[in-house]
Each structure stands twice: as structure tokens, then as C-alpha cells.
Protein chains: 2
Amino acid sequence: MLTIGKLSQASGVKVPTIRYYEEIGLLPEAERSAGNQRLYGRKAQERLTFIRHARELGFPLDAIRDLLSLSDRPDQSCAAADAIASAQLAAVEARIARLTALKAELERMLIQCAGGVIADCRVIEVLGDHAKCCADHAPSGHLIEVAG
Amino acid sequence: MLTIGKLSQASGVKVPTIRYYEEIGLLPEAERSAGNQRLYGRKAQERLTFIRHARELGFPLDAIRDLLSLSDRPDQSCAAADAIASAQLAAVEARIARLTALKAELERMLIQCAGGVIADCRVIEVLGDHAKCCADHAPSGHLIEVAG
DNA sequence: TCTTGCTCCTCTAGTTGCTAGAGAGATTAA
DNA sequence: TTAATCTCTCTAGCAACTAGAGGAGCAAGA
């Protein structure tokens, strides 16, 4: 049986994050020691590893919840898991496409910025005037990809 | 003079978002009508357009704040704006690289999932067992890119 | 003039996926 | 025993908004 700190080391998931996962029901409530400290066995460790890998692959927690409930019923068809992974793949591809367009536009801005003065700065100018940028940005609700 | 709704239409930024920008000081406090409604002139509209473009290019609000304060002093060197844009470009490139790796791994998972039963499902298996996936994921604090 | 229907106001709270900190108790090594 | 290092619960905070309540402003038609 591991305490939460050991589990954290073993899994690469931080202690508060483990507690958070328990709180939102991704992990079952842990057993407790006599002194009320959480204790984890091998099953919990595997489940946490599963969650970490899925997070690393960009799956949102809701999708992971679904995948976990699927993996609890190993006799069922793989189709649902496949669908979740496919959706994630499509999302990743869309983000790559979007970011690639952003990259091109940033590069264009920067190349034209010849190191002068703000008044002539392409960066400022392009941001201030839509006519000076090339890509068409659909006016979407959620605009962006922000650095993490 | 535009009311907030017209400004929203003109700029493509939602009404509550405009108020939010004012609250956090990205936009100056708007003039008010006799009935306490916000009124905007051309300057505010330009500033908001600037913000929207920058957001679309993925600049975080803090960087936009810096860019705006730069653009208020047009005699200064362009170097600071250039640095901000370069940092953003680097961030975008890093995210593309990361996402491209994720994409490859997701594709590998999916190709091997032959439409069987959960027990044999590659998706579940790979997520549950790190030995079955190829890329080395450094155990980083902030793990992921999550779909927006 | 009144009413209808839209906009606008402020305020609070929720989203996602955590992270940070306070103040107190548990456990372990010297 | 005592000190150091966990661990506990709780609250609050991060980005960048979004949603909703409850009330007021305003333009146009009957």
C-alpha cells in the first residue's frame, strides 16, 4: 500500500492532482490508514497511469471518464473507445492546422518588421488593421490556442 | 457613438467579453449615456479590433497589454514588439511539434485497433500500459494540449 | 400613452484542470 | 523526544471567458 506521495512519485501525477481526481470521481475514494491518510494499491496505480497517459495524449477528463467506464466492461465492442480516440485525433489535427496558419501569419509579420520604430512596425500594424493580414478568421466564439 | 451591442457586431467580440476587457483594464472605461449605457467611439473600436486580431494569433492578454502600451508610444523602437511576437511564434511552434507527436501516437493506436472487443482494444491497452507506447513523455507539470 | 420586445445594466457563479497556501494532525528518522 | 517531513481539509486563485438572475433603458407600433 502506497501513501499519496509515493503514488505521486510512481505515477508522475502531483499529489493535489490525485486528490482532485478523487474529488471529481475519476478515482474511487481511497482507503484510509488509522490516521486518516490515503492508501493506494496496485489497481489505483494502474488507473492513475491510464489517466496520465490519456491526459498526455490530450484527452479531456470527460473522455477519460468514458474510456475508464469502457475498460471496466471488457466484453463490449471496441467501437466506442475507437470513436473517442478518433474524435481526439480529429481535434488534434484541427488544432495543428489552425496553429500552422497562425505560424505562417506570425512569420510574415516578423519578416516584414525590419527593426525600425513602432510607427512603422508591421507587428502593430497588422494587428490593428485586418486588411493587412491574409488569413480569413471566422468570427468564432472561442477564438484561440493559448500557450500552456 | 456605438452601444456595446453594435460594437460587438462591428468587432466580432461578444458583449460580455467587451465588458470583461474593460474590467481587467484592456479597454479604458467607456463613456456612458444618460441612462448609464456604455458608448464607444472609433478609437475604442480600433483598440478592440487590435485585441481581437492578437487573440486570434494566440497572444495571451498580458502580451496584448504590452503590445497596446507599445503602440501608444510610436516613437520607440520596434524591438519590444518584435520580441513579443517572436516569443509567440516560438510558443506556437512548440505546440505544433507537441501536437504532431500526439497525432502520430493516436494514429498508431487507432490503426492497431481492429474493431474487436474492449479486452483486445489497443486504445485502452496503450493508455493503460506505458511500455506499449513509443514516445517518451517527460513527466511535466502541465501535461497537455486540451481541445478548446 | 402604453405596451411589447429588445437591449443594456450589475452581480454572482460556473467552466477546465488544476495549483497554492493556511493551519492542523500523522508518521518517521535520529 | 524531537524535529523534519509527510498528510489532512479547506479556501481561493489562474486564464479567459460564459451563463444566468433580476432589474432598468429605449425604440416602435397600437
Side-chain angles (χ1 to χ4, degrees), chain A residues 1-27 29-40 44 48 51-66 68 88 91 95 139-148, chain B residues 1-27 29-40 48 51-66 88 91 95 139-148:
Chain A
M1 288 302 222
L2 305 174
T3 57
I4 199 168
K6 307 290 173 194
L7 178 65
S8 170
Q9 280 177 14
S11 66
V13 178
K14 289 182 187 160
V15 168
T17 306
I18 297 172
R19 288 199 277 251
Y20 169 72
Y21 285 166
E22 178 180 315
E23 188 190 322
I24 64 170
L26 264 193
L27 291 175
E29 295 198 5
E31 291 177 53
R32 298 297 180 118
S33 73
N36 196 34
Q37 304 200 341
R38 289 176 180 81
L39 294 175
Y40 298 92
L48 190 53
I51 294 170
R52 184 169 77 90
H53 288 165
R55 291 294 296 131
E56 282 171 347
L57 287 170
F59 289 88
L61 292 183
D62 268 1
I64 295 174
R65 207 187 297 272
D66 291 347
L68 280 167
Q88 179 56 22
R95 293 166 69 77
S140 68
H142 222 70
L143 299 173
I144 358 93
E145 331 275 331
V146 168
Chain B
M1 288 302 221
L2 304 174
T3 58
I4 198 169
K6 307 291 172 193
L7 178 65
S8 170
Q9 280 177 16
S11 66
V13 177
K14 289 183 187 160
V15 169
T17 305
I18 297 172
R19 288 198 277 249
Y20 169 72
Y21 286 165
E22 179 180 314
E23 190 188 321
I24 64 171
L26 264 194
L27 290 176
E29 294 199 4
E31 290 177 52
R32 299 296 180 117
S33 72
N36 197 34
Q37 304 199 342
R38 288 175 180 80
L39 294 176
Y40 297 93
L48 189 53
I51 295 170
R52 184 168 78 87
H53 288 165
R55 292 294 294 130
E56 283 170 346
L57 287 171
F59 290 89
L61 292 182
D62 269 1
I64 295 174
R65 207 186 296 272
D66 290 347
Q88 178 57 19
R95 293 166 72 75
S140 68
H142 222 68
L143 298 176
I144 358 93
E145 329 276 333
V146 168

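Order of the sequence lines fixes the chain letters, A, B, ..., with proteins taken first and strands second; residue numbering starts at 1 for each chain.
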Let me know, please, whether A/Asn36 or A/Pro16 comes out on the 5' side of the other along DNA chain C by nearest nucleotide.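 This one resolves to A/Pro16.
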
Heavy atoms only: give me the nearest B/Ala30-B/Leu39 pair and the separation to one decimal.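 Minimum heavy-atom separation between B/Ala30 and B/Leu39: CB-O, 3.9 Å.
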
Is A/Arg19 salt-bridged to A/Glu23, cutoff N-O under 4.0 Å?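 Here A/Arg19 does not pair with A/Glu23 in a salt bridge, since their nearest N and O are not under 4.0 Å apart.
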
Nearest-angstrom distance from the residue atom [atom1] of [X] to [atom2] of [N]:
{"X": "A/Ile64", "N": "C/dC18", "atom1": "CD1", "atom2": "C1'", "value": "13 Å"}
{"X": "B/Lys6", "N": "C/dC6", "atom1": "NZ", "atom2": "P", "value": "13 Å"}
{"X": "B/Arg65", "N": "D/dA16", "atom1": "CZ", "atom2": "P", "value": "10 Å"}
{"X": "A/Ile51", "N": "C/dC18", "atom1": "CD1", "atom2": "P", "value": "10 Å"}
{"X": "B/Lys14", "N": "C/dT15", "atom1": "NZ", "atom2": "C1'", "value": "13 Å"}
{"X": "A/Ile4", "N": "D/dT5", "atom1": "CD1", "atom2": "C1'", "value": "15 Å"}
{"X": "B/Arg19", "N": "D/dT18", "atom1": "CZ", "atom2": "P", "value": "12 Å"}
{"X": "A/Ile24", "N": "C/dG17", "atom1": "CD1", "atom2": "P", "value": "8 Å"}

Between [X] and [N], is there a side-chain N or O to OP1/OP2 distance below 4.0 Å?
{"X": "B/Thr17", "N": "D/dA16", "value": "no"}
{"X": "B/Arg55", "N": "D/dC17", "value": "yes"}
{"X": "B/Arg32", "N": "C/dT10", "value": "yes"}
{"X": "A/Tyr21", "N": "C/dG17", "value": "no"}

Which residue, B/Asp62 or B/Ser33, contacts DNA chain D at a nucleotide closer to its 5' end, judged by nearest heavy atom?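 So the residue in question is B/Asp62.
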
Starting from the 5' end of DNA chain D, give me the residue, B/Gly35 or B/Leu61, whose nearest nucleotide shows up first.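 This one resolves to B/Leu61.
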
Name the closest nucleotide to the [X] side chain, picking from [options].
{"X": "A/Gln37", "options": "C/dT19, C/dC9, C/dG25", "answer": "C/dG25"}
{"X": "B/Arg38", "options": "D/dC17, C/dT10, C/dC18", "answer": "C/dT10"}
{"X": "A/Tyr20", "options": "C/dG17, D/dC17, D/dT7", "answer": "C/dG17"}

Return the set of residues passing side-chain hydrogen bond (donor to acceptor under 3.5 Å, both in side chains) with A/Glu22 (not counting sequence neighbours), or none when no residue passes.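 Expected list: A/Arg38.
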
Given B/Tyr40 and B/Ile18, is the side chain to side chain contact (heavy atoms under 4.5 Å, CB included) satisfied, shown in steps? CA-CA 11 Å; B/Tyr40 297 93; B/Ile18 297 172; 3.6 Å; yes

Please report the C-alpha distance between A/Ile24 and A/Arg65 in whole Å, then the side-chain angles of each, then the deciding distance to 0.1 Å, and finally whether the side chain to side chain contact (heavy atoms under 4.5 Å, CB included) criterion is met. CA-CA 10 Å; A/Ile24 64 170; A/Arg65 207 187 297 272; 4.3 Å; yes

